[in-house]
K.L.:
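What follows is a single structure, and I will ask about it in a moment.
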Amino acid sequence: MSSAPLEQSRTHPPVPRPRTGSPALDGVGSRLTEVIPAPVSVRPTPGVRYLLTAGTTIRTSDDPAALAVGEHLADLLRPATGHPLPVATLAADDTPPADTVTLLLEPATEPAPATEPDGGYRLDVTAEQVVIRAATATGLFYGVQTLRQLLPAEIESTTVAPGPWEVPGGQIVDAPRFAYRGAMLDVSRHFFEMPDVLRFVDQLARYKLNHLHLHLTDDQGWRIAIASWPRLAEIGGATEVDGGTGGYYTQADYRTIVEYAAARRITVVPEIDLPGHTNAALSAYGELAPDGVAPAPYTGTEVGFSSVAVASERTYDFVDDVLGELAALTPGPYLHIGGDEAFKLDATDYGTVMNRVQRIVAAKSKTVVGWHQLAPAEHVPGRVLQYWGTTTSDENVASAVRQGARVIMSPGNRTYLDMKYTDATTLGQDWAGLIDVRTAYDWDPGTYLDGVPAESVLGVEAPLWTETIRTVAEIEFMTYPRLVAVAELAWSPATTHDWDNFRLRLAAHSPRWTHANIHFHPSPEIPWPPTQ
Ligand code: NGO
């Protein structure tokens with residue numbers, strides 16, 4: 001990871017660490033009221049603490065998925081605590097021993113998490129034990145992410161820290177608002193190696209995001225090996241913006257990403273951008289180009305100049321083969337087919353190609369996701385439009401929603417992680433505006449777009465386009481803290497929405513990021529605690 005000229009210097013005087021919630025809560029107790037995303041309900045038991053010690057054990061229901069979440073918890077806690085934290089299952093009628101963190105699968109756990117969206121849990125902390133109950137292992141996983149935030153910030157340290165590892169007493173009852181909570185990484189404009197992608201997955205999991213959208217193809221690079229069309233990756237993957245060496249994921253790499261994400265309850269949504277944003281594919285196979293001639297590789301940052309040949313059957317062989325291989329590699333329900341900025345095609349040709357592509361996706365038993373320019377294409381059951389506009393009304397989207405389409409909200413001027421925070425931000429673009437934390441946070445995905453009621457909103461996603469982004473440090477600087485704001489919009493009930501409270505909770509999280517070596521933008525909107 002090379003370090004970039006990030007704006008790490010603070011532009012404001014440090015202010016005292018904020019105390020949120022009841023004034024009766026001390027520094028440990030206040031952690032209960034600083035959880036992000038804000039839970040459905042939080043009831044502190046002032047003065048009560050659970051102390052995690054060298055004798056603490058982790059017990060789970062006798063179920064492989066619950067056991068895996070228990071192992072995940074131990075993996076998260078062992079580096080900083082240095083404690084052994086042995087993990088084992090409990091027989092059905094066993095009561096957990098004292099000094100235990102217990103993860104229980106209980107179908108009847110409130111708030112009814114067996115229904116969509118999956119992921120509800122209840123967390124109880126007493127002086128004797130911590131118990132997380134959920135109807136599904138996904139709910140247990142989210143309870144674990146919350147527990148992580150109840151421990152001191154040093155729990156994020158990769159080396160042993162002194163503790164004490166106190167957890168504030170109380171109860172949290174929680175469940176997600178939206179089923180789809182995501183982030184996108186553009187691996188085409190700049191290629192990111194496997195460890196970088198896996199680290200990005202870890203960042204999503206921390207804040208209960210559950211979809212990783214990989215923008216795998218664009219004009220500047222084709223990043224996934226396709227066995228039936230090998231030159232796509234070999235030639236189309238060999239460059240990137242500004243002419244770097246690029247790269248691509250083998251199918252084994254892609255499977256590794258899928259498995260790593262699945263272990264963190266994250267579904268991979270692969271995108272093959274069609275019919276535009278295809279110069280890398282055309283440079284590898286000239287037969288796909290409208291004039292049959294392979295263009296030169298493209299290393300600039302313009303958009304809208306490329307298109308596959310609409311009238312050629314080879315185009316549909318290509319689409320069928322690529323989406324077939326990707327569908328076979330992808331256990332999740334979605335295939336994202338792009339559909340944005342196809343400026344080389346008129347509406348008729350666009351409809352011709354995208355209607356066929358949508359049918360190919362359906363034939364692979366997958367659900368179509370497309371950027372919202374796909375709205376006028378014919379309705380296929382279940383399809384999902386990703387709104388990236390900068391206005392709050394779009395008649396094509398509203399009309400598609402009336403036919404049953406669902407929407408992922410990614411308004412460009414709210415959620416685009418490649419937009420600059422301020423005029424002084426050296427990375428990123430500003431075509432959709434400047435997005436500091438309040439702009440990213442202060443809107444409601446359920447009421448944002450005219451004609452798109454909350455029931456039609458599948459969820460929220462923050463895309464990170466990488467025309468200007470080259471390193472993990474840069475990814476994290478553009479992601480933190482805006483992705484955390486978007487995660488709260490996607491998870492928390494609208495009734496918890498409160499900027500004044502959010503900025504205090506966010507401030508309290510920065511020591512966690514520092515211990516985890518996460519770069520972040522020290523926004524002047526947030527009263528960050530003094531640096532230790
Ligand atoms: C647009 C465009 C992308 C750019 C991005 C930069 C969409 C969906 N298409 O978003 O090609 O990379 O803006 O902000």
Side-chain angles (χ1 to χ4, degrees), residues 182-192 211 213-223 236 239-242 246 269-282 298-308 334-345 350 354 357 368-377 383-391 394 396-397 400 407-421 425-435 439-440 449 460-470 474-475 477-479 482-483 486:
M184 187 199 84
L185 185 61
D186 169 9
V187 293
S188 177
R189 271 52 179 273
H190 281 102
F191 180 66
F192 293 90
H211 286 81
H213 171 184
L214 285 177
H215 184 74
L216 288 168
T217 69
D218 212 302
D219 292 315
Q220 297 86 346
W222 184 284
R223 307 299 181 203
T239 189
E240 60 186 356
V241 166
D242 291 340
V269 181
E271 178 183 353
I272 302 295
D273 204 345
L274 294 163
H277 289 279
T278 39
N279 192 77
L282 310 184
Y298 183 69
T299 59
T301 59
E302 296 299 316
V303 296
F305 59 87
S306 59
S307 175
V308 292
Y334 304 117
L335 290 185
H336 199 307
I337 54 173
D340 57 322
E341 299 173 318
F343 301 147
K344 286 288 170 194
L345 300 182
Y350 181 86
M354 291 318 269
V357 174
V368 166
V369 186
W371 299 108
H372 74 270
Q373 283 72 24
L374 190 63
R383 79 180 177 136
V384 179
L385 301 172
Q386 183 166 10
Y387 181 70
W388 62 283
T390 55
T391 61
D394 184 301
N396 287 334
V397 174
V407 177
I408 295 170
M409 295 298 301
S410 301
N413 52 346
R414 299 283 185 174
T415 66
Y416 264 32
L417 299 176
D418 61 320
M419 291 302 117
K420 293 176 184 290
Y421 290 99
T425 310
T426 51
L427 296 167
Q429 313 199 49
D430 60 5
W431 68 262
L434 301 171
I435 307 180
T439 301
L449 199 54
V460 190
E461 181 185 295
L464 179 57
W465 301 96
T466 60
E467 285 94 334
T468 67
I469 311 297
R470 293 175 173 76
E474 292 173 351
I475 287 178
F477 179 79
M478 297 306 270
T479 301
R482 291 182 289 199
L483 185 63
V486 171

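Both counts, for ligands and for their atoms, begin at 1 and track the order of listing.
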K.L.:
What residues come within 4.0 Å of ligand 1, counting heavy atoms only?
P.N.:
Arg189, His277, Val303, Asp340, Glu341, Trp371, Trp388, Tyr416, Asp418, Met419, Gln429, Trp431, Trp465, Glu467
K.L.:
Would you please classify the geometry between the Tyr387 ring and the His372 ring as parallel, tilted or perpendicular, with 30° and 60° separating the classes?
P.N.:
tilted
K.L.:
Taking only residues two or more places apart in sequence, or in another chain, which ones meet Asp418 in a salt bridge (charged side-chain N to carboxylate O under 4.0 Å, His left out)?
P.N.:
none
K.L.:
For Asp219, what residues pass the salt bridge (charged side-chain N to carboxylate O under 4.0 Å, His left out) criterion, not counting sequence neighbours?
P.N.:
none
K.L.:
Considering residues at least two apart in sequence or located in another chain, which fulfil the salt bridge (charged side-chain N to carboxylate O under 4.0 Å, His left out) criterion with Asp430?
P.N.:
none
K.L.:
With Arg482 as the cation and Tyr421 as the aromatic partner, state whether NZ or CZ is under 6.0 Å from the six-membered ring centre and within 45° of the axis.
P.N.:
yes
K.L.:
With under 30° as parallel and over 60° as perpendicular, where do the rings of Trp371 and His336 fit, or are they tilted in between?
P.N.:
tilted
